[in-house]
Amino acid sequence: MAGASLLPAKVLLSKRVQDMVLNGEEPPHLYICRDGADQTEEEFSTLSSPIPIIDLKILSSSETNSEQEAELQKLHAALSSWGCFQAIGHGISRPFLDELRQVGKEFFEQPMEIKKRYSKGVEEFEGYGADPVPEEGQPLDWSDRLFLDIYPQHTKKLKFWPQSPTSFRHVLEEYTVQIKALTEVVSKAMAKSLNLEENCFLDQFGEGGPLQARFNYYSPCPRPELVLGLKPHADGSGYTIILQDEVEGLQVLKDEKWFTVPTIPDALFIVMGDQMEIMSNGIFKSPVHRVVPNSKRRRISVAVFYTPEADKDIGPELGLLTNEGPKSFKRVKNYADTHWEYYQRGERAIHVAKLV
Ligand SMILES: O=C(O)CCC(=O)C(=O)O
Ligand SMILES: [Fe+2]
């Protein structure tokens with residue numbers, strides 16, 4: 001144990017957190033990033049309620065009525081203050097969401113030798129493992145992941161797609177179809193909430209705007225106050241759609257306080273990434289969020305990142321640029337790569353696109 005805690009990041013990241021927990025190991029030093037002195041558990045739970053809930057069913061109807069107008073205003077308010085919302089009425093059935101949670105759980109709960117068939121290299125993104133080695137001095141996340149490119153079709157690398165549980169591939173393919181449809185509804189609603197032409201964001205993403213899925217497995221931690229399941233960050237995506245299980249852990253930073261995202265079984269949590277903040281000229285916020293571990297229960301989530309096509313220039317929608325609201329961001333390309341460089345250092349990247 002004592003020896004294990006001095007291992008370098010590269011070696012630690014070639015081990016799975018899940019294995020350390022099964023072996024009864026305490027977090028090695030490179031995972032330790034907190035002294036347990038931030039907000040208490042009680043404070044988190046009392047702050048858990050105000051994250052807005054938006055009914056996408058109301059927003060997906062093509063005819064505009066007063067109910068839709070009110071929901072669009074709610075969406076606009078949610079994204080300009082929180083940068084995130086709980087989506088209900090999204091049309092993906094509860095039994096299907098349960099199936100996705102189930103195949104994710106079954107994958108991680110298999111013996112290590114089966115999971116290792118889908119292993120990534122420590123410097124790679126795709127496959128089973130942990131994030132690539134961060135820069136020196138950066139803490140490691142108390143979690144394991146399975147990261148997969150899921151759309152467009154030609155980007156899929158099936159060697160990383162689990163064959164067990166046997167329904168994994170089929171369920172993820174079906175989820176991809178449903179999420180792709182959802183991105184259309186959400187992107188159009190966001191445009192309408194800003195009084196823009198409804199396809200404007202979809203055009204910026206491009207038809208081939210990639211979708212990438214990350215199955216996150218947060219093992220319980222014997223010293224939860226010392227580590228994080230996922231360090232504080234804002235996403236580099238356009239936006240991210242997160243399916244949680246019944247265990248809380250995701251928190252969003254607002255007004256310098258951490259708010260726990262409640263678990264709602266049939267809701268999808270949608271959080272803006274930096275590229276949506278840029279495209280909305282800063283009206284929508286890309287919030288910092290993190291995952292705190294639990295001492296007893298494991299938590300699973302499935303995050304799908306929706307990102308503009310890599311080579312496409314994106315920038316603030318012209319319809320938002322007025323004398324009162326001058327251009328706040330320049331046009332950028334391949335922002336996800338820049339975001340990653342900064343993420344590795346524990347920093348945000350959005351300033352690179354900012355016009356002062
Ligand atoms: O596990 C979660 O709920 C959040 C995941 C997340 O923020 C991410 O993968 O970027
Ligand atoms: Fe995130």
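As the structure lists them, so they are numbered: ligands from 1, and atoms in each ligand from 1.
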Nearest-0.5 Å distance that lies between atom CD in Gln178 and atom CD1 in Ile241: 11.5 Å
Close N/O pairs between ligand 1 and protein, under 3.5 Å:
unit_1, atom_1, unit_2, atom_2, d
ligand 1, 1 (O), Tyr218, OH, 2.7
ligand 1, 1 (O), Arg299, NH1, 3.1
ligand 1, 1 (O), Ser301, OG, 2.6
ligand 1, 3 (O), Arg299, NH1, 3.3
ligand 1, 3 (O), Arg299, NH2, 2.8
ligand 1, 7 (O), His233, NE2, 3.4
ligand 1, 7 (O), His289, NE2, 3.1
ligand 1, 9 (O), Arg214, NE, 3.4
ligand 1, 9 (O), Arg214, NH2, 3.0
ligand 1, 10 (O), His233, NE2, 3.1
ligand 1, 10 (O), Asp235, OD1, 3.3

Charged tip of Arg16 within 45° of Phe108 ring normal and under 6.0 Å: no
Atom pair CD (Glu126) and CG (Asp149), whose distance is rounded to the nearest 0.5 Å: 4.0 Å
Ring center gap for Tyr128 and Phe107 short of 6.0 angstrom: yes
Pairing of Arg223 and Glu225 as salt bridge, 4.0 angstrom limit: yes
Note: Glu71-Lys74 ion pair, threshold 4.0 Å (strictly below): yes
Distance criterion under 2.8 Å: protein N/O/S atoms around the Fe ion (ligand 2): 3
Ring centroid separation Tyr118 to Phe160 under 6.0 Å: no
Side-chain ion pair, Asp144 and Arg298, N-O less than 4.0 Å: no
Within one Ile-Leu-Val-Met-Phe-Trp-Tyr cluster: Val247 and Leu230, side-chain cutoff 4.5 Å: no
